[in-house]
Amino acid sequence: MNYTKSEKLFEEAKKYIPGGVNSPVRAFNAVGGTPLFIERGEGCRIFDADKNEYIEYIGSWGPHLFGHNPKFILDALKSSLENGTSFGAPTELEIKMAKIISELVPSIEKIRMVNSGTEATMSAIRAARGFTNRNKFIKFEGCYHGHADYFLIKAGSGALTFGVPTSPGVTAANAADTLVADYNDINSVKSLIQENKNEIAAIIIEPIAGNMGVIPASNDFLSELREICTEEGIVLIFDEVMSGFRVAKGGAQEVYGIAPDITTFGKIIGGGLPVGAFGGRKDIMDTLAPVGPVYQAGTLSGNPLAMSAGLAALTHIKENENLYNVLEKKSKYLEDGFKENMKKLNKSYAMTRVGSMSCLFFTEEHVNNFASALTSDAKLYGQYFHKMLEKGIYLAPAQFESMFISTAHTTEDLDKTIEANYSSLKELL
Ligand SMILES: *Cc1c(COP(=O)(O)O)cnc(C)c1O
C-alpha cells in the first residue's frame, strides 16, 4: 500500500499539533510507522488520504456500534442542525435522552450529560466525595477512566503504599487520595479498605475492562465488590463508558445482574459525537448543583446535535430486539475463526471476548488482570498490526485495546479478516 499522502500530512500535522495528533494512541507509537489520515468512513470501512480502503475494528474506539454513517443517525443530525447548534438552555431532547437511558439501564434514576467520558468519571468521583464526605477512592490497575489527574495513578511498591503519578503534571497530593487495587482480586480491595477505614468515598471499576485489552471481571469478584460497598457506605461506580450499550442494552450491569450506585457513559451514547454522562441513585445525583452543593457544569453539556445523534443510536438499540444477538454471532464467528487459525499454527494465544468487544493477546498465559495482560509480546503485536494493515484490515494500533465489531461487518468482511489473520500469523511465526 502507498501511504505517501498520510506521511506528508503527518509531517505537516507535527508542526502544529503535539506529536501530530489530538490523542496519543493515534500516533502509532505502540506499533511504529506513520498514522493514517482518514478521509471517510462507510459501514465497517474507512478510507485514508491515499484512497486505501480498510475493514476496520476500532469504530472510533467504541462509539460506532452500527458502523460509520448509519442513515438514521445522519438523518437525526440533519434535522437537528436546522434548528441551531447550541442554546445553553434546556431542550426537550435532553429529557428524551435521560428517559431512554434510565429505561434501558434500570439503575439510573437521575442522569446528567457531559461532553466526554473523562468528564463523566471526574464528575462521578466528585459527586461520590460530596455525598459521602470522604476523600479517597479505589481504582484498579489497568483500568482507564479518562485523563483527570487523580486517575493517572499506578500502585506504589507494596500493596498498601500511596499511589504514584504515571504522568508529570500530576501532583503527589493528587496521587495520595487514589488507592490502587488489583483487578479480579477482592483481597487487594479488602486490605485497602482496612487500612483506610471510613475514608473511602468510591470504588470505580470497568466491570468489563477494555483498556488493558479486554478482561471481564469475574462474577464473584463483582458481587463481593457490591457487597463490600454497601456494607462500608462506599459509592460503587461502574465506568461503562465503553461497555455501556456495547455488550447489552443495559450494559455490563445487565450482563452481571449487579447494580452499581453510579454509572458513567460515553462513546455509544453520543452516536459518534462528543458526549458523556453520569447517573444513578437519586440521593447521590441530587447532591449536584443546583439541587445540592456539589458544583458541576458545562457550556455545551446536553448539546442538541450530540443529543440527536445519541438519541437516534439509543432508539435504534431500544427498538431492535435482536441487535445484541446479531453482534454476538458476528463476534463469535470472528473469534472462532481466529482460534481455528491458531490451532492450525500450533499457537494458543489468549483471546478474550464479551459480545462485540474482544482482544487477541500475544501471550499463551491466562489473562485476567493487568499483570497477566503485560505478559503479551507487544512488539509482536506491532508486527501483526502492520501485516494486517497491508492486507486491508485496520486494527487498534496498540496491543492493549479492544477490537470492536459493528452491525455493518458482514460475513464476507469477517472471512477476509480471518484469512488475513491466518496469513499474518503464519508470516510472523
Ligand atoms: C474511553 C473511556 C474513557 C474516557 O472517555 P473520553 O471520552 O475519551 O474522555 C473513560 N472510561 C472508559 C472505560 C473508557 O473506555
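Just follow the structure's listing: the first ligand is 1, and inside any ligand the first atom is 1.
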Report task. Without swapping roles, check the side chain of K139 against the backbone of C143 for a donor-acceptor pair under 3.5 Å. Result -> yes

Query - Lys/Arg cation over aromatic Y150: R129, 6.0 Å, 45° cone - result: yes

Query raised in the report: When the aromatic ring centroids of F151 and F137 are compared, is their separation below 6.0 Å?
Result: yes

Query raised in the report: Would you say T287's side chain and G292's backbone share a donor-acceptor pair under 3.5 angstrom?
Result: no

Report task. Return yes when K267 approaches ligand 1 closer than 4.0 angstrom through a heavy atom, no otherwise. Result -> yes

Query raised in the report: How about F370 and Y183: are their ring centroids closer than 6.0 Å?
Result: no

Query raised in the report: Can you check whether H145 has an N/O within less than 3.5 Å of an N/O in ligand 1?
Result: no

Query - Contact check: V241 vs ligand 1, nitrogen or oxygen atoms, below 3.5 angstrom - result: no

**Report entry** Closest approach of any protein heavy atom to atom 8 (O) of ligand 1, naming residue and atom
**Finding:** T118 OG1, 4.5 Å

**Report entry** atom 5 (O) of ligand 1 protein-contacted (non-hydrogen atom, under 4.0 angstrom)
**Finding:** yes

Query raised in the report: Is there a nitrogen or oxygen of D239 sitting under 3.5 Å from a nitrogen or oxygen of ligand 1?
Result: yes

Query raised in the report: For E206 and ligand 1, does the shortest N/O to N/O distance drop below 3.5 Å?
Result: no

